[in-house]
Student: 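Attaching a single structure in structure tokens format; questions to follow.
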Amino acid sequence: MSAIEIRRVATKRDLGRFIDVHYDLYSGNAYDAPNLFFDEMNTLRKDKNAAFDFCEAEYFIAYKKGKAVGRVAAIINHKANAKWGRKDVRFGWIDFIDDIHVSRALLDTVAAWGKSKGMTQIVGPLGFTDMDPEGMLIEGFNQLGTMATIYNYPYYPQHMARLGGWTKDIDYVECKLIVPVGVPKKYALAAEVVARRYGLRVKKLHSRKEVFSGGYGQKIFDLINLCYKDLYGYSELSQRQIDQYIEMYLSFVDYSIVTLIEDTTQDNKLVGIGISIPSLTRALQKCRRGRLLPFGWWHVLRAIKFHKTKIVDLLLVGIHPDYQKKGANALLFSDLIPRYIKYGWEWGETQVEMETNRDVQSMWSGLDCTHHKRRRCYKKPIE
């Protein structure tokens, strides 16, 4: 066995190598959705990501015979730990070749760093917050990945089992939703009833001005904070994070497939959001090593602007807790489904949903829905 050397990322150049590990390992993979290099840089740089206001992190690369063969991020979210009463160090951005010595060395390094910081448990894969990809894929390896989730090879969870001591903390499921030929009667009738009974209405955005100076961007992420507050490991988004996410998510989306629900009886209070984007996976696969130049930008543009894909990603969906039992989601789908049909999309991909979150999963009950992926967050005490 060749010795495994673990090196800490210390410079911006090192961070570039850290990001490139994924491109090397998944080059040509048919299912992986590689992130854009500059997006990864902005997320991982401590001077760029507002999550570092309450997180700390270190990044490590594994080398074997002088070649990079794995990577991992060690993260402590102090806000989440305080909220949930835990002393967790998270591992994220984990990749490794099919060598148990590499995966062991990476995870042992995270545990040792966490122990030095007073942590008592290692969990993951998780990012800084719920806005980052989370959960190791354990089912659905032959399904196309999405920009907002992790794809990994089947041997990853096999390593977790072989390493010993790792147990399930939470499982997520993802759904494939077939776009119907028309709005299902269940949604159409429910939309009319809830609009009349509760004074709800669909609100469409038409310009960046409404999002930024009109305050809708802030309202959207305030609602996300409310809807997601009780979800596993969630930490409330800070104002700096909200400002960053408004720019990240809402500056490039097609507003025709962003649907908001307002309560006209409560001064047009925002009570529901449905943000969709055309699937970018195939476009991202054509961006050489995550770079938009020389030709990657064209493939991304074709997907975003001209909808040249068969798939739509349901990026962010949320209903105010007080309205979840009132059928407000029917208004979302009654507005969005005709638009999906117009653009020729054949199916939609939900994002990760906790397997125990029945309220969210019940939203898809009027559609042809298949649970086609499952992913897991693991935990292990630090000895």
Side-chain angles (χ1 to χ4, degrees), residues 1-11 14-15 17-19 21-22 43-47 49-64 68-97 99-136 138 150 152 155-171 232-235 375-383:
M1 179 194 76
S2 299
I4 307 302
E5 180 187 2
I6 302 294
R7 301 180 194 170
R8 184 178 69 87
V9 169
T11 66
D14 291 343
L15 186 56
R17 292 195 185 101
F18 178 89
I19 296 169
V21 169
H22 185 88
T43 298
L44 296 170
R45 280 181 55 176
K46 300 175 183 181
D47 60 335
N49 189 344
F52 280 98
D53 291 347
F54 52 87
C55 292
E56 57 180 309
E58 292 288 353
Y59 314 122
F60 303 94
I61 303 174
Y63 287 86
K64 182 178 180 180
V69 292
R71 67 171 189 174
V72 72
I75 301 165
I76 300 174
N77 182 324
H78 293 287
K79 186 188 289 188
N81 279 351
K83 176 179 178 179
W84 299 101
R86 296 168 67 150
K87 292 185 176 180
D88 290 346
V89 57
R90 303 175 171 199
F91 70 89
W93 280 270
I94 187 165
D95 284 308
F96 45 84
I97 63 170
D99 182 332
I100 196 72
H101 303 293
V102 175
S103 54
R104 178 181 286 114
L106 288 168
L107 290 166
D108 285 351
T109 300
V110 175
W113 182 79
K115 184 176 182 179
S116 75
K117 298 288 184 175
M119 300 298 105
T120 59
Q121 183 173 239
I122 177 173
V123 298
L126 288 168
F128 300 98
T129 73
D130 268 26
M131 296 292 113
D132 298 314
E134 51 195 2
M136 183 178 289
I138 61 172
I150 299 168
N152 54 260
Y155 65 77
Y156 281 39
Q158 294 170 8
H159 279 225
M160 301 303 288
R162 290 172 60 196
L163 288 169
W166 291 96
T167 58
K168 169 184 169 180
D169 202 11
I170 190 72
D171 271 10
Y232 168 84
Y234 188 75
S235 58
R375 55 186 69 247
R376 178 164 295 169
C377 280
Y378 296 87
K379 63 181 179 181
K380 182 180 180 180
I382 297 177
E383 298 178 357

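The residues of the chain are indexed from 1 along the displayed sequence. These figures come from a predicted structure and were not determined experimentally.
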Student: Nearest heavy-atom pair of Ala74 and Val110: which atoms, and what distance?
Tutor: CB-CG1, 3.8 Å

Student: Might you point out which heavy atoms bring Leu106 and Ala62 nearest each other, and give the distance in Å?
Tutor: CD2-CB, 3.8 Å

Student: What are the two closest heavy atoms between Ala68 and Ile61, and how far apart are they?
Tutor: CB-CG2, 3.9 Å

Student: Could you check if a side-chain atom of Ile76 sits within less than 4.5 angstrom of a side-chain atom of Cys55, using non-hydrogen atoms only?
Tutor: no

Student: Show the numbers, then the answer: is there a side chain to side chain contact (heavy atoms under 4.5 Å, CB included) between Lys168 and Tyr378?
Tutor: CA-CA 5 Å; Lys168 169 184 169 180; Tyr378 296 87; 5.9 Å; no

Student: Under 4.0 Å between a side-chain nitrogen and a carboxylate oxygen: does that hold for Asp171 and Arg375?
Tutor: no

Student: Classify the ring geometry of Phe18 against Tyr59: parallel below 30°, tilted from 30° to 60°, perpendicular beyond 60°.
Tutor: tilted

Student: May I ask you to test the Ile6-Asp108 pair for a side-chain heavy-atom distance under 4.5 Å?
Tutor: no

Student: Would you compute the distance between atom CD of Glu58 and atom CD1 of Ile75 and round it to the nearest 0.5 angstrom?
Tutor: 11.0 Å

Student: Step by step, would you call Tyr63 with Val69 a side chain to side chain contact (heavy atoms under 4.5 Å, CB included)?
Tutor: CA-CA 5 Å; Tyr63 287 86; Val69 292; 5.7 Å; no

Student: Below 4.5 Å, heavy atoms only, C-beta onward: do Gln121 and Arg86 meet side chain to side chain?
Tutor: yes

Student: Would you say Lys46's side chain and Ala57's backbone share a donor-acceptor pair under 3.5 angstrom?
Tutor: yes

Student: Working to the nearest 0.5 Å, report the span between CH2 of Trp113 and CD1 of Ile122.
Tutor: 10.5 Å

Student: To the nearest 0.5 Å, what is the distance between OG1 (Thr109) and CZ (Arg104)?
Tutor: 12.0 Å

Student: Quick one: does any side-chain atom of Trp84 pair with a main-chain N or O of Tyr234 as donor and acceptor, under 3.5 Å?
Tutor: yes

Student: Please check if the side chain of Asp14 supplies one atom and the backbone of Thr11 the other of a donor-acceptor pair under 3.5 Å.
Tutor: yes

Student: Would a distance-only check, ignoring hydrogens and angles, find a side-chain to backbone donor-acceptor pair under 3.5 Å from Asp99 to His101?
Tutor: yes

Student: Please say whether the positively charged group of Arg71, taken as NZ for Lys or CZ for Arg, lies over the ring of Phe60, i.e. under 6.0 angstrom from the six-membered ring centre and within 45 degrees of the axis.
Tutor: no

Student: Would you mind reporting whether Leu107 and Met160 have side-chain heavy atoms less than 4.5 Å apart?
Tutor: yes

Student: Please walk me through it: do Tyr232 and Asp130 pass side chain to side chain contact (heavy atoms under 4.5 Å, CB included)?
Tutor: CA-CA 9 Å; Tyr232 168 84; Asp130 268 26; 5.9 Å; no

Student: Working note: Leu126 + Asp132, criterion side chain to side chain contact (heavy atoms under 4.5 Å, CB included); need CA distance, chi angles, decisive distance, verdict.
Tutor: CA-CA 7 Å; Leu126 288 168; Asp132 298 314; over 6 Å; no

Student: State whether the side chain of Tyr156 and the backbone N or O of Phe96 hold a donor-acceptor pair below 3.5 Å, judged by distance alone.
Tutor: yes

Student: Taking atom OG of Ser103 and atom CG of Asp95, what is their separation to the nearest 0.5 Å?
Tutor: 12.0 Å

Student: To the nearest 0.5 angstrom, please state how far the CG atom of Asn77 sits from the NZ atom of Lys83.
Tutor: 10.5 Å

Student: Search all heavy atoms of Gly233 against all heavy atoms of Ala80 and return the closest pair with its distance.
Tutor: O-CB, 3.8 Å

Student: Under 3.5 Å, is there a donor-acceptor pair between the side chain of Lys380 and the main chain of Gly164?
Tutor: yes

Student: Kindly say whether Glu383 contributes a backbone atom to a donor-acceptor pair with the side chain of Lys115 at under 3.5 angstrom?
Tutor: yes

Student: Taking all atoms of both residues into account, what is the closest heavy-atom pair of Pro157 and Ile138, and its distance?
Tutor: CB-CG2, 3.9 Å

Student: For the side chain of Asn49 and the backbone of Phe52, is there at least one donor-acceptor N/O pair under 3.5 Å apart?
Tutor: no

Student: If I compare all heavy atoms of Gly165 with all of Pro381, which pair ends up nearest, and what's the gap?
Tutor: O-CD, 4.4 Å

Student: Decide yes or no for Trp93 and Thr43: does some side-chain heavy atom of the first lie under 4.5 Å from some side-chain heavy atom of the second?
Tutor: yes

Student: What's the separation between atom NZ in Lys64 and atom CD1 in Ile4, rounded to the nearest 0.5 Å?
Tutor: 5.0 Å

Student: Decide yes or no for Val89 and Lys117: does some side-chain heavy atom of the first lie under 4.5 Å from some side-chain heavy atom of the second?
Tutor: no

Student: Answer yes or no: is there a donor N or O on one side and an acceptor on the other, between the side chain of Arg376 and the main chain of Gly135, under 3.5 Å?
Tutor: no

